[in-house]
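What follows is one structure encoded as structure tokens, with my remarks underneath.
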Amino acid sequence: APATAYETFDGDNVVGLYSEIPTLGAGMLVEVPQSAVFNEINELLPFTVYLLLITTAILVIVISIATRTITRPIQRIRVASQRFADGDWNERSDIRRLDEIGQLSDAFNDMADQLANYNRTLEFQIQEREQQLLIASEVGTLATSADNLDDVISQTVNLLAERFGFYHVAIFLVDQAREWAVFYDGTGPAGRRLRWEGFRIALTAPSIITDAINHNKYRLVRNVDED
């Protein structure tokens, strides 16, 4: 049976513990004065209080360290991501650690680099498209203001070379039989020489020019001498 606090017939306050002994057909009762039990508890009370205070102090220190090592770095990453989302494409996290927080920081920086590169590429494509539209508009203006086809083509090749910075621009026209791509006009000495020679190339011949004409689409190559 569990220990029980009670008052004896003599009026003493005790803590009693009763246990049966079946083999003897008897039982045993042990009584201890309550004062002896509670005095020991009272003696342990100051130690218990000190232990609680020390534990609380340690807990406060641990929470403070955790705040500095975990919460604040995450907050810094959050601020950096918010600035990046607001349009600061150069914003990056400056946290350099070897734990999970450092991995989170590196992941954000990698993502920011990829998005920034994509944005630069997109801006370049937009500028390039705007330039193409501008040149198309200028060519249209030339076509309506020029007196003949020769003037339109001559001014067009020079305009393309000037706007795009090309060292050479040439225009080929397909003859009525659709057998030859005939050089019509081009920039620089090379253009004048090809026009004087009456240069033309068969549409069945393998070349960059005939490939673009036969497939009706542009073709980009890095080295025209090898293609």
Side-chain angles (χ1 to χ4, degrees), residues 80-94 103-227:
S81 63
Q82 184 61 49
R83 291 176 179 172
F84 185 85
D86 290 339
D88 186 356
W89 297 98
N90 295 320
E91 182 67 28
R92 298 292 185 274
S93 172
D94 58 355
Q103 294 176 2
L104 178 63
S105 175
D106 293 340
F108 166 75
N109 289 338
D110 291 341
M111 178 201 67
D113 290 340
Q114 294 177 15
L115 289 176
N117 290 335
Y118 175 77
N119 180 68
R120 284 192 292 268
T121 301
L122 186 60
E123 289 180 346
F124 174 78
Q125 291 176 347
I126 292 175
Q127 293 174 358
E128 187 179 45
R129 186 61 54 85
E130 290 177 348
Q131 186 178 25
Q132 292 173 352
L133 292 175
L134 178 61
I135 293 175
S137 175
E138 293 179 355
V139 171
T141 302
L142 290 176
T144 57
S145 61
D147 296 331
N148 53 65
L149 181 62
D150 290 343
D151 292 340
V152 172
I153 293 180
S154 177
Q155 294 180 45
T156 298
V157 293
N158 288 297
L159 179 64
L160 293 175
E162 178 184 351
R163 292 292 187 269
F164 288 106
F166 295 149
Y167 71 92
H168 178 65
V169 175
I171 291 182
F172 285 78
L173 298 181
V174 179
D175 65 352
Q176 293 183 352
R178 294 195 60 81
E179 295 179 352
W180 299 91
V182 181
F183 179 85
Y184 198 88
D185 201 354
T187 58
R192 290 191 295 271
R193 177 175 57 82
L194 292 174
R195 187 171 186 177
W196 180 79
E197 293 176 352
F199 180 79
R200 65 178 184 172
I201 182 171
L203 293 182
T204 55
S207 73
I208 302 173
I209 298 170
T210 56
D211 183 76
I213 294 174
N214 292 329
H215 293 88
N216 194 28
K217 64 180 182 179
Y218 69 87
R219 180 177 175 184
L220 299 177
V221 294
R222 294 182 179 275
N223 190 337
V224 295
D225 293 331
E226 298 178 356
D227 200 313

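Just so you know, these numbers come straight off a predicted model, no measurement behind them.
Between Ala161 and Thr187 the shortest heavy-atom distance is CB-CG2, 4.1 Å. The nearest pair of heavy atoms linking Val157 to Asp185 is CG1-O, 4.1 Å. Taking each heavy atom of Ile209 and Ala181 in turn, the nearest pair found is CG2-CB, 4.3 Å.
Among pairs with a residue in residues 170-180, none fulfils side-chain hydrogen bond (donor to acceptor under 3.5 Å, both in side chains), at least two apart in sequence or across chains.
Atoms OG and CD1, on Ser154 and Ile171 in that order, are 9.0 Å from each other to the nearest 0.5 Å. Note: Leu122 CG to Gln127 CD = 10.0 Å, rounded to the nearest 0.5 Å. Note that the CG atom of Asn158 and the CD1 atom of Ile153 stand 12.0 Å from one another [nearest 0.5 Å]. With values rounded to the nearest 0.5 angstrom, Asn214 atom CG is found 8.5 Å from Ser207 atom OG.
Using modelled atom types, one side-chain atom of Thr210 and one backbone atom of Ala205 make a donor-acceptor pair closer than 3.5 Å. Side-chain atoms of Asn109 do not come within 3.5 Å of backbone N or O of Arg92 as any donor-acceptor pair.
Under the salt bridge (charged side-chain N to carboxylate O under 4.0 Å, His left out) criterion, Asp106 pairs with no residue, sequence neighbours left out.
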* Can you check side chain to side chain contact (heavy atoms under 4.5 Å, CB included) on Gln114 and Asn117, steps first, answer last? -> CA-CA 5 Å; Gln114 294 177 15; Asn117 290 335; 5.7 Å; no
Please set out all donor-acceptor pairs under 3.5 angstrom arising from side-chain atoms of residues 188-204, sequence neighbours excluded.
| from | atom 1 | to | atom 2 | distance (Å) |
| --- | --- | --- | --- | --- |
| Arg195 | NE | Tyr184 | O | 3.4 |

